[in-house]
Amino acid sequence: MRIAGRMALIQPFHVMALLARARELEAAGRSIIHMEIGEPDFVTPAPVIEAGQAALAAGFTHYTPATGLPALRARIAQFYLERYGVQVDPQRIVITPGASSALHLALAMVVNPGDRVLLSDPGYPCNRNFVYLLNGTPVSLPVAADTAWQPSAAQVETAWQGTTAALLLASPSNPTGTVLDVEQLRAYHTIVSARGGLLIVDEIYHGLVYGGQAATALSVSDDICVINSFSKYFGMTGWRLGWLVAPQALVPALDKLAQNLYLAAPTVSQHAALRAFDADNLAILEQRRERFRQRRDYLLPALRELGFVIPVEPSGAFYLYADCSRFSTDSFAFSQQLLEAAGVAITPGIDFGRHRPERHVRLAYTTSLEHLQEGVRRLREYLL
Ligand SMILES: Cc1ncc(COP(=O)(O)O)c(C=O)c1O
């Protein structure tokens with residue numbers, strides 16, 4: 001059957017093959033330590049689950065407006081004020097089915113066929129594919145530990161050529177966990193806005209920052225697109241709910257695009273999410289954040305001691321991006337070996353871009369401290 005040529009550009013997640021093999025080994029009775037999974041191991045906190053159940057019982061099963069429940073848009077605006085001291089007009093907030101749809105919407109707003117979109121490499125793999133779907137050209141900005149895995153202003157300036165539409169960054173980043181400060185955000189914004197482009201900042205791992213709060217790009221300017229989600233900090237991956245804060249002028253276009261692409265984000269999830277910002281729920285999330293911090297504080301030195309090179313301390317998300325070249329310069333084969341021989345599942349660098357993926361792997365601390373300790377024990381036994 002004939003399929004569109006662009007489909008050849010879209011890569012699956014390589015880690016899925018590893019995950020499938022891990023499940024096979026588990027079915028055959030092997031114990032596997034999962035350090036490849038990019039979602040919190042905790043279930044959604046009880047207050048939100050109860051609010052979801054109540055929403056269902058109350059019959060909230062119809063579509064909401066395409067931009068989302070007005071009460072939820074207002075609640076998110078209030079959250080920006082409470083947490084960051086930033087005033088955001090609720091009209092600028094568009095509720096989406098996950099950050100995934102928010103990324104799709106934001107890029108669809110500005111990318112013409114052939115337009116370039118600058119992305120850090122390594123970075124979140126789907127971004128490149130969203131650009132391909134719009135027949136745009138993703139442009140990798142190779143980043144390394146010397147700039148804390150984020151592009152320098154000079155790099156952005158050089159890469160910004162004629163038909164560039166946007167710069168898309170994440171803070172904290174997946175896979176590296178590094179955070180952008182407000183000066184960096186301001187510098188990017190100055191460069192991008194002077195060239196008539198759009199700065200898009202994916203803040204999905206905000207909230208999961210250890211030692212001080214990350215700055216939101218919304219504190220820099222109103223004409224930046226900021227993406228966030230209930231998936232990670234709020235522990236609601238399966239509810240498929242996120243949001244986009246857009247420059248006011250883009251909102252009517254986003255509204256009509258949302259109507260056409262998915263009509264509305266899930267209604268029950270939106271009602272449940274209203275409860276996510278209440279003090280009792282936030283207290284649970286803060287305890288979880290502390291658990292993630294403890295895991296990072298255990299895993300980072302333990303991996304370094306084994307010989308993985310992690311030069312910059314990741315201050316957010318739940319990932320460590322490690323140079324594994326002491327053990328192998330084929331990180332995909334290395335990940336397969338670790339799975340087969342040591343029973344430890346990790347993600348090879350190839351899933352995050354083209355800049356030295358063969359030397360890197362990502363380890364997620366989305367499993368208990370006890371599992372992480374067992375994982376490190378198995379790695380030590382196998383590698384040393
Ligand atoms: C950086 C980043 N952005 C966006 C997403 C999409 O998340 P969701 O659609 O669940 O909100 C992810 C998921 O792993 C991510 O890591």
Side-chain angles (χ1 to χ4, degrees), residues 11-16 19 34-44 48 68 72 76 93-108 117-131 133 138 141 143 149-151 166-180 199-209 214 216-217 225-245 258 261-262 265-266 269-270 272-273 276 285 292 314-321 347 349 351-353 362-366:
Q11 296 290 314
F13 297 164
H14 292 83
V15 71
M16 287 302 170
L19 187 59
H34 288 278
M35 294 164 79
E36 82 284 34
I37 296 189
E39 64 177 321
D41 48 325
F42 305 110
V43 295
T44 304
V48 171
L72 184 57
I76 292 172
I93 298 172
V94 176
I95 310 295
T96 55
S100 303
S101 294
L103 286 163
H104 191 186
L105 283 185
L107 289 166
V117 176
L118 311 186
L119 307 167
S120 47
D121 181 348
Y124 180 56
C126 305
N127 293 339
R128 195 180 329 128
N129 296 327
F130 287 128
V131 178
L133 265 184
L141 303 175
V143 292
W149 302 104
Q150 298 283 0
L167 167 66
L168 166 53
L169 299 168
S171 172
S173 141
N174 176 6
T176 65
T178 57
V179 173
L180 293 166
L199 173 60
I200 306 170
V201 185
D202 181 347
E203 299 186 348
I204 185 170
Y205 293 101
H206 260 233
L208 292 174
V209 173
T216 172
C225 250
V226 166
I227 282 159
N228 208 323
S229 171
F230 288 93
S231 286
K232 311 290 175 164
Y233 173 62
F234 295 95
M236 295 175 64
T237 44
W239 300 73
R240 307 310 304 130
L241 201 63
W243 72 88
L244 175 68
V245 186
L261 284 183
Y262 51 80
S269 305
Q270 294 190 60
L285 300 180
F292 281 123
S315 41
F318 32 57
Y319 307 117
L320 299 176
Y321 196 61
T347 306
D351 270 341
F352 306 104
R362 188 193 75 177
L363 296 98
Y365 41 97
T366 48

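Atoms within each ligand, like the ligands themselves, are counted from 1 in listed order.
Residue Ser231 has at least one heavy-atom neighbour below 4.0 Å for each of these atoms of ligand 1: 8 (P), 10 (O), 11 (O). If you number the atoms of ligand 1 from 1 as listed, the ones under 4.0 Å from a heavy atom of Asp202 come out as 1 (C), 2 (C), 3 (N), 4 (C). The contact set between ligand 1 and Lys232, taken as ligand atoms under 4.0 Å from a residue heavy atom, comprises 13 (C), 14 (O). Taking every non-hydrogen atom of Arg240 and a distance limit under 4.0 Å, the qualifying atoms of ligand 1 come out as 8 (P), 9 (O), 10 (O). Taking a cut-off of under 4.0 Å to the non-hydrogen atoms of Gly98, the atoms of ligand 1 that pass are 9 (O), 11 (O). Taking a cut-off of under 4.0 Å to the non-hydrogen atoms of Asn174, the atoms of ligand 1 that pass are 1 (C), 16 (O).
Here the closest heavy-atom approach between residue Gly235 and residue Thr44 is recorded as O-OG1, 2.8 Å. Between Gln150 and Ser173, the shortest heavy-atom contact is NE2-CB, 3.8 Å.
Residue Met35 holds its CE atom at 8.5 Å from OG1 of Thr366, rounded to the nearest 0.5 Å. Atoms CZ and CG, on Phe130 and Leu119 in that order, are 11.5 Å from each other to the nearest 0.5 Å.
For atom 15 (C) of ligand 1, the closest non-hydrogen atom of the protein is Tyr124 CE1, 3.4 Å. Closest protein heavy atom to atom 16 (O) of ligand 1: Tyr205 OH, 2.7 Å.
Checked against the 6.0 Å centroid threshold, Tyr321 and Trp149 count as a close aromatic pair. When ring centroids are compared, Tyr233 and Phe292 stay outside the 6.0 Å threshold.
The closest donor-acceptor contact from the side chain of Ser229 to the backbone of Gly98 lies at 3.5 Å or more, if one exists at all.
In terms of polar-atom proximity, Ile204 is not counted as a contact of ligand 1, lacking any N or O under 3.5 Å from an N or O of the ligand. At a 3.5 angstrom cut-off on N or O pairs, Tyr319 does not count as close to ligand 1. Considering both main-chain and side-chain atoms, Thr237 never comes within under 3.5 Å of ligand 1 through any nitrogen or oxygen pair.
Considering Phe352, Tyr124, Tyr365, Tyr205 as possible partners of Tyr319, the one that fulfils the ring-ring contact (aromatic ring centres under 6.0 Å, His included) test is Tyr205.
Of the candidates Ser173, Gly123, Ser100, the one placing a heavy atom closest to atom 9 (O) of ligand 1 is Ser100.
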